[in-house]
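Data first, discussion second: the structure below is written as structure tokens.
The figures that follow rest on heavy atoms only: side chains count, while hydrogens, waters and symmetry mates do not. Sequential numbering from 1 along the given sequence is applied to the chain's residues. For ligands, and for the atoms within them, numbers begin at 1 and follow the listed sequence.
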Amino acid sequence: MAKQSNNLMDKLVALCRRRGFIFQSSEIYGGINGFWDYGPLGVELKRNVKEAWWADNVRMRDDIVGLDCSIIMHPKVWEASGHLGGFSDPMVDCKETNKRYRADQMFLISVGEGEDTLHFSYVESDEDSLKAAFKRAGKHARRCSATNPSDDPATHLPFGDMAGGTGLASVVGPDTTTPGTLTEPREFNLMFQSYAGAIQDESSKVYLRPETAQGIFANFGNVIDSSRMRPPFGIAQIGKSFRNEVNPRNYTFRSREFEQMEIEFFCREEDSDKWYTYWRDRRYKWYIDHGLTSERLHLREHDAKELAHYATGCADIEYAFPFGISALEGIANRGNYDLTQHTNASGKDLSFFDDQTRERYLPHVIEPSGGVDRATLAFLCEAYTEDEAPDDKGNMQTRTLLKLHPRLAPYKVAIFPLMKKDGHPEAADKIFKECKRAGLAAFYDEKGAIGRRYRRQDEIGTPFCITVDAQTVTDQTVTIRDRDTLAQDRISADKVTAYINDRMRVE
Ligand code: GAP
């Protein structure tokens, strides 16, 4: 199963590179870890994910408005939000290899028997590296977690003991076979730093935002004062965030530069449970509506000990990626923690005065916070399919297709003249232009056998292919082929855009 999953990931990564969805950033210089570029098709797919989110959560609603805040904000924002003090991961260095690992993502594997012969392997928590480490460690290997040793008390070995010169410091890293020595875990702040202005000292230090949410809280008063919005209402933002992740991995899943789509929904305290449930269920449904299947998409409520001290509820929408089950989005009931923090730190009263009830209160907040790159990756993983389909001569061949929802697919339609003569190109070009005028991303292709043209579109997820043939020239009808079912309908050429728009709709 793990092998198959890896295969799927390898094939998807290769397809994304080959067809121009995703490239490694700075590839010509050997790449840079944790940064990715979206190619011509990837940028369309990602833009469609964002536009679908924006349309459904802002444009279609009366109770949410948008915002686009600066990436660099006053450093006091991050003091008030707690990011300067607490936004960190525990990390350890291997003294011999100089590699750095996240302590909370490592498992310890004890090797050997008896107190004196202990020797450890440390690995990251994905199943494949665990298995490889177990294999290296041999038959005496037992498994225990560095941060949650209570999982298996028999193998409880506190991380500090191992690293702290007790004689148990011999380790083998996931990417080396030679034993090494780990440092004590240290807290590592994930915010990227820079300087604003010509003088680089403490007073000019600034941070790239690690989340878009704080820009929304800092502007709460501005939005209230400049619009007619009154709780219950939300403010939405899509934008880049930056985290200096210790171990970026799993393709675009954990990157150092990524995009978030966040809503802060402000309401009265007594209504907050109702709105929490509403957003949790609505956000889950959004992913299902756009093609993720319920077998792979899970809603996981956090238990009380996982919750931040100010939160009264939190759920993760998780997806079963080929590399493991991981979160796409979190929905949290954050109380009025953030507005309280910013009120206290800035000295500006961010409470809301309800002129109907004559009450003043600090609204509570429900926060659905998703990642654009993670959603895009989940849609790609779900869409990747191999099946059998007949070629031009009717022989069954393996075909690769991306079953992307039509709303998300980079191109909505490809238009093919069957022949390069007899009026086919002219009729096809007319439909092509018509599609573009209607705002549909369309692709024109007159080269090669028709079967090959279909395959190239299947592989990039184009849901509809239109073929213009001799009959089109006489009766203005075309065939429209469905990527997934291979069914071909004959429709009037002037109905093409309406047909496609209809199929793109999400109920
Ligand atoms: N304002 C709340 C917040 O930022 P989070 O769980 O840290 O919460 C929200 O982040 C979402 O942002 C995650 O569910 C994920 O989709 C995305 N995200 C976070 N860190 C990421 C990273 N390093 N790479 C890609 N996406 C990330």
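Proximity of Leu328 to ligand 1, defined as any heavy-atom pair under 4.0 Å, is confined to the backbone N, CA, C and O atoms. Of all the heavy atoms of Ser369, the ones lying under 4.0 Å from any atom of ligand 1 are found in both the backbone and the side chain.
Between Arg280 and Glu329 no salt bridge is recorded (no basic side-chain N to carboxylate O distance below 4.0 Å). Arg334 has a carboxylate O that lies under 4.0 Å from a charged side-chain N of Asp338, or vice versa, which qualifies the two as a salt bridge.
For ligand 1, one of its N or O atoms has an N or O atom of Glu245 under 3.5 Å away. Checked against a 3.5 angstrom limit, the closest N/O atoms of Gly371 and ligand 1 fall inside it.
Within the 3.5 Å criterion, the main-chain N or O of Ile460 finds no donor-acceptor partner in the side chain of Tyr411. Although no hydrogens or angles enter the test, the distance criterion places a donor-acceptor pair under 3.5 Å between the side chain of Arg243 and the main chain of Pro210. With hydrogens and angles ignored, the 3.5 Å screen pairs a side-chain donor or acceptor of Asn48 with a backbone N or O of Ala409.
Here is the list of ligand 1 atoms found below 4.0 Å of a heavy atom in Glu262: 1 (N), 2 (C), 3 (C), 4 (O). Atom numbering of ligand 1 starts at 1 in the shown order; those under 4.0 Å from a heavy atom of Gly370 are 11 (C), 16 (O). Atom numbering of ligand 1 starts at 1 in the shown order; those under 4.0 Å from a heavy atom of Ala213 are 1 (N).
In the candidate list Gln260, Glu318, His83, Glu211, Gln260 is nearest to atom 10 (O) of ligand 1, counting heavy atoms.
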Please determine whether salt bridge (Lys or Arg N to Asp or Glu O under 4.0 Å) holds for the pair Glu27 and Arg17, giving the CA-CA distance in whole Å, both sets of side-chain angles, and the decisive distance to 0.1 Å. CA-CA 11 Å; Glu27 196 185 274; Arg17 165 85 184 73; 3.1 Å; yes

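Within a 4.0 Å radius of atom 6 (O) of ligand 1, the protein contributes no non-hydrogen atoms.
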